[in-house]
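Remember, it's a predicted structure, so these values are computed and weren't measured experimentally. Protein chains get the first letters and strands the later ones, always in sequence-line order, with residue 1 at the start of each.
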Amino acid sequence: MKNLLFVSRHAPYGTGIAREALDALLGASAYGQNLSLLFMDDGVFQLLNAQNPSKLNQKNLSANLPALPLYDVENIFVHSESLRARALHADDLVLEPKLFKVISSQEVAELMNQQDQLLSF
Amino acid sequence: MKNLLFVSRHAPYGTGIAREALDALLGASAYGQNLSLLFMDDGVFQLLNAQNPSKLNQKNLSANLPALPLYDVENIFVHSESLRARALHADDLVLEPKLFKVISSQEVAELMNQQDQLLSF
Amino acid sequence: MSTLHTVNKSPFSHSTLASCLSICQPGDALLLIEDGVYGALASSPQAEQLRAVHAKGVRVYALEPDIEARGLVGRRLDEVELSDYAGFVRLSSELRCVQSWY
Amino acid sequence: MSTLHTVNKSPFSHSTLASCLSICQPGDALLLIEDGVYGALASSPQAEQLRAVHAKGVRVYALEPDIEARGLVGRRLDEVELSDYAGFVRLSSELRCVQSWY
Amino acid sequence: MVSRPLVFSLAVYGAPFSAQASQTAYAFAKALIDVGHRLERVFFYQDGIHAANVLAVPPQDEENLTEAWHSLAREHQVELVVCIAAALRRGLLNGEEAQRYGKPASNLAPGFEIAGLGQLLEAAVTSDRLITFGA
Amino acid sequence: MVSRPLVFSLAVYGAPFSAQASQTAYAFAKALIDVGHRLERVFFYQDGIHAANVLAVPPQDEENLTEAWHSLAREHQVELVVCIAAALRRGLLNGEEAQRYGKPASNLAPGFEIAGLGQLLEAAVTSDRLITFGA
């Protein structure tokens with residue numbers, strides 16, 4: 001079993017990157033690997049609650065996030081400095097606090113160094 | 001005759017924007033309008049001398065710039081703050097100083113306000 | 001003769017908004033669209049600069065469908081008004097030229 | 001266990017390099033590619049931060065074909081070494097993982 | 001309805017799906033027509049040209065932007081012009097170009113025409129407003 | 001030649017011409033093979049899928065990246081895999097998909113195959129190194 005970390009760094013909706021990152025992660029869940037997901041930089045905006053892209057004819061990207069544990073995503077990490085720079089707090093987010101872990105820059109570095117591969121988005 | 005300003009704000013080679021901006025400008029020269037070109041932000045990197053993209057299998061974007069006056073481009077403007085932020089000086093550039101005018105942010109605003117249309121790249 | 005500026009990039013990851021704000025003049029209008037609407041947040045790196053250009057007479061708007069999409073309803077600076085697509089059309093007809101910052 | 005970081009965006013217009021530098025650790029390597037090579041300039045907004053991570057043990061490279069393409073030969077910081085594509089391959093095999101910052 | 005109708009043209013530089021620009025441009029186009037202005041031309045350049053690819057199969061619950069542009073153009077006499085240089089490089093061809101370059105198929109959607117870059121300049125000259133939607 | 005050959009896979013997310021990523025990925029691919037490593041798979045996703053469009057007509061003095069990938073793959077037994085979901089949305093189809101969706105043509109270049117997103121994960125699992133080329 002390999003350790004694979006998906007790194008998602010882009011805001012939702014403005015480009016297709018955030019969505020296609022999530023699609024790749026969901027598609028990966030069938031392969032029985034040790035999958036983790038890290039939100040950082042503008043990627044933390046994917047976690048903001050009350051998203052409603054119906055007028056853009058796009059799917060609500062945040063709707064799938066609470067179901068990630070069902071997809072065998074072992075750990076969801078959120079970069080603390082990225083949250084802080086955007087003044088986002090735990091109660092602004094679509095995930096319950098028990099579903100993710102807020103980690104420092106130092107811990108992001110350590111997390112990357114524990115992986116077998118990084119999937120950078 | 002209309003006043004049309006092409007605004008070129010992106011670095012060369014990393015994306016196709018700078019090149020397709022220049023193509024659009026050259027294609028515009030046959031229409032007998034009052035064409036101007038403004039380089040600002042990373043667009044000023046298009047002016048840097050000694051570019052050599054042969055190993056990237058790309059054309060040298062800066063090679064066409066000295067010929068712009070032949071294409072009826074009346075005025076070439078370069079944003080001073082963009083040069084300053086990148087520590088670029090007149091002798092770093094591929095254009096002779098007489099071929100372009102360095103203008104301030106205030107003058108960029110005035111220039112935009114004198115146009116009939118802006119072509120934003 | 002004034003200009004409508006549109007900005008479609010997040011100010012947390014791109015310098016696009018900062019560039020635009022350094023050019024905006026009194027009488028101009030600024031419309032934040034797409035990922036540019038993150039520039040309406042009080043935590044935006046350009047929040048102070050945005051307030052300053054607003055104070056000197058630049059009207060500032062954010063496209064409501066983009067604000068809603070990203071969950072930013074109720075989180076925007078007081079200086080930023082909401083606009084729908086019809087408002088975007090109105091702004092672009094009122095003002096002479098449109099500069100798209102992307 | 002260390003990581004190779006690649007950065008392909010200009011630090012004058014994107015915060016990509018700044019983000020990467022805040023994560024790099026001693027033993028990691030950083031390779032500037034494509035428009036990322038503007039980060040090798042002394043005038044880069046992240047020049048000081050780049051020098052600092054270099055001083056604490058992060059090796060810093062720039063892809064030579066991209067440096068040449070953009071006219072940056074002879075303009076780079078002393079801390080930045082040149083690498084060709086074979087060097088990029090070597091770095092990515094020496095280090096365990098590659099994080100692409102784009 | 002507006003008291004003084006203007007003639008608009010749009011320049012679209014982002015690909016559907018990959019960049020929101022094409023979606024924003026379409027919403028803007030509908031809105032300007034709704035309030036009584038005239039949309040003369042939409043010029044697709046850079047990655048914007050992918051909006052004219054008839055082979056695109058968007059997800060079932062999403063709008064097909066290619067067909068949406070076509071309908072809008074038909075109902076309101078809008079020219080949908082794709083830059084030929086940008087299209088060739090990116091593999092968007094009409095029947096004539098496919099034949100000229102010995103390619104096995106063409107993929108330009110109905111309602112769109114392929115023309116030179118000069119059409120962008122012409123739109124800038126003949127319209128009251130040219131609005132760029134960049135990616 | 002390297003003393004310890006590794007198995008590489010690449011993930012390419014940028015379109016030829018619009019982003020340099022696809023060019024960098026190709027140069028990297030050639031270099032890793034030249035020094036004696038093995039390239040197992042190139043996975044084209046997001047806008048990277050446009051590299052597999054057989055209809056692209058690059059400017060005459062420029063490399064045809066689609067053909068270049070094909071040659072490299074043929075000479076060195078590299079799998080060129082295009083993500084089906086990304087391809088459908090963007091109008092890149094093989095014959096089978098064209099038929100399934102009632103489209104008038106197909107445009108997948110020889111040497112490329114269309115497959116599911118799982119192939120990206122599989123590449124990550126079975127290769128020693130996965131390198132992403134983002135746009």
Worksheet entry | Heavy atoms from other residues, nucleotides or ligands near CG of B/Asp91 exceed 12 (cutoff 6.0 Å) | yes

Worksheet entry | Atom NZ of B/Lys101 with >12 non-hydrogen neighbours under 6.0 angstrom | no

Worksheet entry | Worked check of side chain to side chain contact (heavy atoms under 4.5 Å, CB included) between D/Glu34 and B/Tyr13 | CA-CA 8 Å; D/Glu34 302 172 3; B/Tyr13 311 118; over 6 Å; no

Fill in: Parallel, tilted or perpendicular: ring planes of B/Phe45 versus D/Phe12, cut at 30 and 60 degrees
perpendicular

Worksheet item: Under 6.0 Å from the OH atom of B/Tyr71, do we count more than 12 heavy atoms belonging to anything else shown?
Response: no

Worksheet item: At a heavy-atom separation under 4.5 Å, does D/Tyr85 approach chain B through its side chain, its backbone, both, or neither?
Response: side chain

Worksheet item: Distance from D/Arg75 atom CZ to B/Leu48 atom CG, nearest 0.5 Å?
Response: 4.0 Å

Practice prompt. Could you tell me which of D/Ser43, D/Ser13, D/Ser10 has the largest number of non-hydrogen atom pairs under 4.5 Å with chain B?
Written response: D/Ser43

Worksheet, complete the sentence: Cut-off 4.5 Å, heavy atoms of chain D, and the answer for B/Asp41 is neither

Discussion item. Heavy-atom cut-off 4.5 Å, strictly under: side chain, backbone, both or neither for B/Asp92 against chain D?
Written reply: both

Worksheet, complete the sentence: One should read off an interatomic distance between B/Asn52 CG and D/Ile67 CD1, to the nearest 0.5 angstrom, of 13.0 Å

Worksheet item: Pick from D/Glu68, D/Glu64, D/Lys9: which one has the most heavy-atom pairs with chain B under 4.5 Å?
Response: D/Glu68

Worksheet item: Looking only at heavy atoms, what is the nearest atom pair of B/Leu56 and D/Ala69, with distance?
Response: CD1-CB, 3.4 Å

